[in-house]
Amino acid sequence: GSAGESALATYIDNGGHLFISSQDYLYDNGLTSFGQNYLGIGDYTSDISQTQVTGLDVFENVGSVSLAYPFANWSDEVIPSSDATLVFDGNVENAGVLLESNLGGLAIFLGFTLETMPMSAQQVVLGDVIGLLTDETDPCPADCNDDGDVNVTDLLTIIGEFGNSSGCDINGDGIINITDVLAVISSWGE
C-alpha cells in the first residue's frame with residue numbers, strides 16, 4: 001500500500017537497495033508514482049504469461065531460461081522508464097528492470113516470480129542481486145594493505161604494530177592489540 005511504498009521510497013532515498021520479484025504487484029497496485037520513480041517502471045501490461053526470460057546487462061550471465069509455474073502464470077510485461085535499465089527480456093515482452101537513484105539507492109523489479117526459474121538460475125540471479133545490493137565499496141578493515149585478501153601479510157602487520165596507537169587499528173579503539181589480531185583471524189580470506 002501507499003504507507004509501505006512511502007517507507008520504501010525513504011529507504012531508497014537514504015541509499016537503500018531493494019529487490020522485488022512479483023507477478024501481481026502491478027495487478028494489485030497499478031503503476032504508482034513509487035513504481036515509476038523508484039522501481040523504474042515506465043509502463044506495464046498485466047498477465048502476459050512469460051514462459052522464458054533472458055538475463056541482460058547485470059544479469060547477462062543468467063542466460064536464457066524457461067520458467068515453470070506450479071501455480072497460475074500471471075507474469076507481467078515491465079517497460080523500463082527512461083532512466084531505468086532493462087535487465088530481463090521475456091519471450092513475450094520485457095520482464096525486469098533496474099533503477100539506480102542519484103542518491104545511491106537501487107531497485108530491481110521483476111514482473112515474474114523468481115521461484116519459477118530453475119534452481120541453478122535462481123542461484124545465479126540471487127548471487128548477482130546480493131552483489132548489487134551490498135556495498136562493495138567499503139574495504140574490509142582487517143585488510144591492512146588493501147590487497148583484497150585478509151591473510152598472513154595483514155596478521156604480520158598487526159603483530160609488527162602491536163601496542164601502537166596508529167597503524168592498522170581494526171576496531172578503532174586507539175590501540176593495536178589482541179582484539180585486532182583476532183579481527184584479522186576472523187576475517188581471514190578474500
Nearest 0.5 angstrom please: [X] [atom1] to [Y] [atom2], how far?
X: Asn91; Y: Ile48; atom1: CG; atom2: CD1; value: 8.0 Å
X: Trp74; Y: Gln50; atom1: CH2; atom2: CD; value: 14.5 Å
X: Leu67; Y: Asn73; atom1: CG; atom2: CG; value: 7.5 Å
X: Gln23; Y: Asp28; atom1: CD; atom2: CG; value: 10.5 Å
X: Asp76; Y: Phe109; atom1: CG; atom2: CZ; value: 6.5 Å
X: Phe19; Y: Leu98; atom1: CZ; atom2: CG; value: 10.5 Å

Ignoring hydrogens and geometry beyond distance, is a side-chain donor-acceptor pair present between [X] and [Y] at under 3.5 Å?
X: Glu93; Y: Thr45; result: no
X: Asp83; Y: Ser81; result: yes
X: Thr85; Y: Asp57; result: no

Quiz prompt | side-chain contact (heavy atoms from CB on, under 4.5 Å), paired with Cys144, selected from Asp154, Thr153, Val150, Asp180 | solution =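 Going through Asp154, Thr153, Val150, Asp180 one by one, the side-chain contact (heavy atoms from CB on, under 4.5 Å) with Cys144 is satisfied by Asp154 alone.
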Any side-chain to backbone donor/acceptor pair from [X] onto [Y]? Under 3.5 Å, distance only.
X: Asp143; Y: Asp146; value: yes
X: Thr116; Y: Thr113; value: yes
X: Asp149; Y: Asn151; value: no

Any idea which heavy atoms bring [X] and [Y] closest together, and the distance?
X: Ile178; Y: Phe162; answer: N-CE1, 3.4 Å
X: Val65; Y: Ala121; answer: CG1-CB, 3.8 Å
X: Leu106; Y: Ile12; answer: N-CG2, 4.2 Å
X: Phe71; Y: Glu115; answer: CZ-OE2, 3.9 Å
X: Val87; Y: Phe59; answer: CB-CD1, 3.6 Å
X: Ile175; Y: Asn177; answer: CG2-ND2, 3.3 Å

Quiz item: Step by step, would you call Thr54 with Phe88 a side chain to side chain contact (heavy atoms under 4.5 Å, CB included)?
Solution: CA-CA 5 Å; Thr54 302; Phe88 276 98; 6.0 Å; no
Answer whether the closest heavy-atom distance between the side chains of [X] and [Y] falls below 4.5 Å.
X: Asp169; Y: Asn171; value: yes
X: Trp188; Y: Leu155; value: yes
X: Asp89; Y: Asn94; value: yes
X: Val92; Y: Glu77; value: no

Quiz item: For Asp13, what residues pass the side chain to side chain donor-acceptor pair (under 3.5 Å) criterion, not counting sequence neighbours?
Solution: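 Checked Asp13 against side chain to side chain donor-acceptor pair (under 3.5 Å); matches are Tyr38.
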Practice problem: For Asn164, check side chain to side chain donor-acceptor pair (under 3.5 Å) against everything at least two apart and list the hits. | Solution: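 In terms of side chain to side chain donor-acceptor pair (under 3.5 Å), with neighbours along the sequence ignored, Asn164 is linked to no residue.
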Between [X] and [Y], is there shared hydrophobic-cluster membership here, with clusters defined by ILVMFWY side-chain heavy atoms closer than 4.5 Å?
X: Ile185; Y: Ile176; value: yes
X: Leu18; Y: Val97; value: yes
X: Val129; Y: Leu114; value: yes
X: Leu110; Y: Val53; value: yes
X: Leu182; Y: Ile159; value: yes

Quiz item: Should Phe34 and Ser6 be marked as a side chain to side chain contact (heavy atoms under 4.5 Å, CB included) after you check the CA-CA gap, both sets of side-chain angles, and the distance that decides it?
Solution: CA-CA 8 Å; Phe34 175 77; Ser6 178; over 6 Å; no
Quiz item: Would Asn61 and Asp128 satisfy side chain to side chain contact (heavy atoms under 4.5 Å, CB included), going step by step from the backbone distance to the final call?
Solution: CA-CA 9 Å; Asn61 58 343; Asp128 290 344; 2.7 Å; yes
Quiz item: Is there a side chain to side chain contact (heavy atoms under 4.5 Å, CB included) between Ile170 and Cys168 once you walk through the steps?
Solution: CA-CA 6 Å; Ile170 296 169; Cys168 192; 4.0 Å; yes
